[in-house]
Amino acid sequence: MQPILRADALTTGLSDTEIRRALRNGELERLEPGVYIADTSLDDLDRYRMRVRSVGARLSADTVTSHESAAVLHGLALWKPDLTRVHVSRDRCGGGRRTASRHLHVAPLPTDDRSEVDGVSCTSMARTVVDLACTLDFDEAVIAGDSAAARQPGFTEALARCLAESGPRTGIAAARRLATFVDGRSESPGESLSRVRMQEFGMPSPILQKEIRTTGGLFVGRADFYWEEGVVGEFDGMSKYDEGGIEAVRREKRREDALRDLGFEVIRWTWPELFRFDVVRARFDRAVTRARR
């Protein structure tokens, strides 16, 4: 679906009075002044994506969508995104500004840092992640970075190249730290945050998405996190059970029983426990003790 511009609507014979009536009747929804959509059932993220596309379609040649707005176009996972402003970057040295609905960033935009999604100019995936790492906290940047690494082959090389070509800027140290941490094997924001918490709480680095088989080679399962100490870790985001319902829960129970039958200790944690991770660290330590016995 394309956003409807007021100027285009007027050329087709629709009057301002008719537009206002359609807005009152719920037939149209205003994305921003002069931009409307006919589908009023969109969720917040889809509505924001439409705003970004409508803004991006009208940008000058030296300006592209960037930051969270480019991340949405690229389809990256975002945690707690700010959907109030559309972010754009202009290839200039000064003149940045922020309003209630726009944030204009100014910075060099080399050709390699530019991309296009569905006809809308935006920063490349690597440059987008660098921009996010410079402006968001580490938790949020890791989620976007892991998502990009999973979606784009060669992303880590592109990220390193983008950082090498970046000049001094606020937050660049955080972006370089991020580059050493991203891992496309994290399959959800919860798994990405779990890795951050493990580092913060001094846990050993796990192997991600480890295939576990019987001594005869039969596939038992793939662990979100695996430690050589004989411990398997699973993040329970619950979304894995949403579509499968009771049968999905049963499959997960049989899988966990099979892992324990092979001698592995299995620990699990949920979203709330990501914010009191000392509980998970203690659970891990107890599992390691049992495994050693």
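As a basis for the values below, the full set of heavy atoms in this structure was taken, side chains included, without hydrogen atoms, waters or symmetry mates.
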Please say yes or no: joined through hydrophobic side-chain contacts below 4.5 Å, possibly via intermediate residues, are L132 and L45 part of one cluster?
yes
For a quick test of reading the model, state the closest non-hydrogen atom pair linking S192 to S186 and the distance between them.
OG-CB, 3.5 Å
Please report the interatomic distance CD(E187) to CG(D224), rounded to the nearest 0.5 Å.
7.0 Å
Does T123 reach the side chain of L109, with side-chain heavy atoms less than 4.5 Å apart?
yes
R195 NZ/CZ over F181 ring centroid, <6.0 Å and within 45° of normal:
yes
Residues V120, L73; criterion side chain to side chain contact (heavy atoms under 4.5 Å, CB included); working and verdict
CA-CA 8 Å; V120 178; L73 289 179; 3.8 Å; yes
May I ask you to test the I267-V232 pair for a side-chain heavy-atom distance under 4.5 Å?
no
Is the ring centre of W269 less than 6.0 Å from the ring centre of F225?
yes
Output, in order, the C-alpha distance, side-chain angles, deciding distance and verdict of ring pair (Phe, Tyr, Trp, His ring centres under 6.0 Å) for F264 and W227.
CA-CA 10 Å; F264 293 103; W227 290 272; over 10 Å; no
Charged N-O contact under 4.0 Å between R260 and E265:
no
If every non-hydrogen atom of F155 is compared with every non-hydrogen atom of A126, which pair is closest and at what distance?
CE1-CA, 3.6 Å
Kindly indicate whether the side chain of D62, heavy atoms from C-beta on, has any atom under 4.5 Å from the side chain of R92.
yes
So, taking the atom named CZ in R283 and the one named CZ in R268, what distance separates them when rounded to the nearest 0.5 Å?
10.5 Å
Taking atom CE of M125 and atom CD of Q152, what is their separation to the nearest 0.5 Å?
5.0 Å
With hydrophobic residues grouped by side-chain heavy-atom distances under 4.5 Å, do L193 and F284 end up in a single group?
yes
With side chains defined as the heavy atoms from C-beta onward, is the minimum distance between R85 and H67 less than 4.5 Å?
no
Shortest non-hydrogen pair, G190 vs L274, comes out as O-CD1, 4.0 Å
Please check if the side chain of T135 supplies one atom and the backbone of D131 the other of a donor-acceptor pair under 3.5 Å.
yes
Do T214 side-chain atoms and G216 backbone N/O form a donor-acceptor pair below 3.5 Å?
yes
Check this for me: does any side-chain nitrogen of one of D257 and R254 sit under 4.0 Å from a carboxylate oxygen of the other?
no
Got a donor-acceptor contact below 3.5 angstrom from the S147 side chain to the A77 backbone?
yes
Taken to the nearest 0.5 Å, the spacing of L78 CG from L136 CG works out to 8.0 Å
May I have the step-by-step check of side chain to side chain contact (heavy atoms under 4.5 Å, CB included) for V129 and L76, ending in yes or no?
CA-CA 9 Å; V129 170; L76 301 185; 4.2 Å; yes
Side-chain heavy atoms of Y226 within contact of V231, under 4.5 Å
no
Do D118 and R53 sit within salt-bridge range, that is, some charged N less than 4.0 Å from a carboxylate O?
no
Nearest heavy-atom pair of E229 and P204: which atoms, and what distance?
OE2-CG, 4.1 Å
Starting from the C-alpha separation in whole Å, work towards a yes-or-no answer on side chain to side chain contact (heavy atoms under 4.5 Å, CB included) for R114 and D91.
CA-CA 11 Å; R114 296 172 181 247; D91 193 0; 3.8 Å; yes
Find out if a path of hydrophobic residues (ILVMFWY) with successive side-chain heavy-atom gaps under 4.5 Å connects V288 to V266.
no
Exercise: identify the closest heavy-atom pair between T128 and A71
CG2-N, 3.6 Å
Which is it for T289 and R293 under the side chain to side chain contact (heavy atoms under 4.5 Å, CB included) test, yes or no, and what are the steps along the way?
CA-CA 7 Å; T289 300; R293 291 173 184 163; 3.7 Å; yes
Might you work through the side-chain hydrogen bond (donor to acceptor under 3.5 Å, both in side chains) test for S89 and S66, ending with a clear yes or no?
CA-CA 6 Å; S89 289; S66 63; 2.8 Å; yes
Has the side chain of D146 got a donor or acceptor atom that lies under 3.5 Å from a matching backbone atom of D183?
yes
Beyond-backbone contact of M198 with S205, side-chain heavy atoms, under 4.5 angstrom
no
Short question: side chain of R98, backbone of H105 - any donor-acceptor pair under 3.5 Å?
no
Short side-chain to backbone donor-acceptor contact, R151 and H74, under 3.5 Å
yes
Is there side-chain contact between R169 and C134, with heavy atoms separated by less than 4.5 Å?
yes
If we check side chain to side chain contact (heavy atoms under 4.5 Å, CB included) with I207, which of these qualifies: Q209, K210, E211?
K210
Kindly compute the distance separating CZ (R90) from CZ (R97), expressed to the nearest 0.5 Å.
6.0 Å
R281 and D278: salt bridge (Lys or Arg N to Asp or Glu O under 4.0 Å), yes or no, with the steps?
CA-CA 5 Å; R281 174 66 206 248; D278 56 313; over 6 Å; no
Minimum side-chain heavy-atom gap T65-H87 below 4.5 Å:
no
V52 with L104, same ILVMFWY side-chain cluster at under 4.5 Å:
yes
Closest non-hydrogen atoms of F235 and T270, given as atom of the first, atom of the second and distance, are CE1-C, 3.8 Å
Could you tell me if Y48 and T84 have a donor-acceptor pair between their side chains, going purely by distance under 3.5 Å?
no
Find the distance between SG (C162) and CG (D112) and round it off to the nearest 0.5 Å.
9.0 Å
Does the pair R47/D43 count as a salt bridge with the N-to-O cut at 4.0 Å?
no
Restricting to salt bridge (charged side-chain N to carboxylate O under 4.0 Å, His left out), what partner residues turn up for R197, sequence neighbours left out?
D139, E200
Find out if a path of hydrophobic residues (ILVMFWY) with successive side-chain heavy-atom gaps under 4.5 Å connects I143 to V72.
no
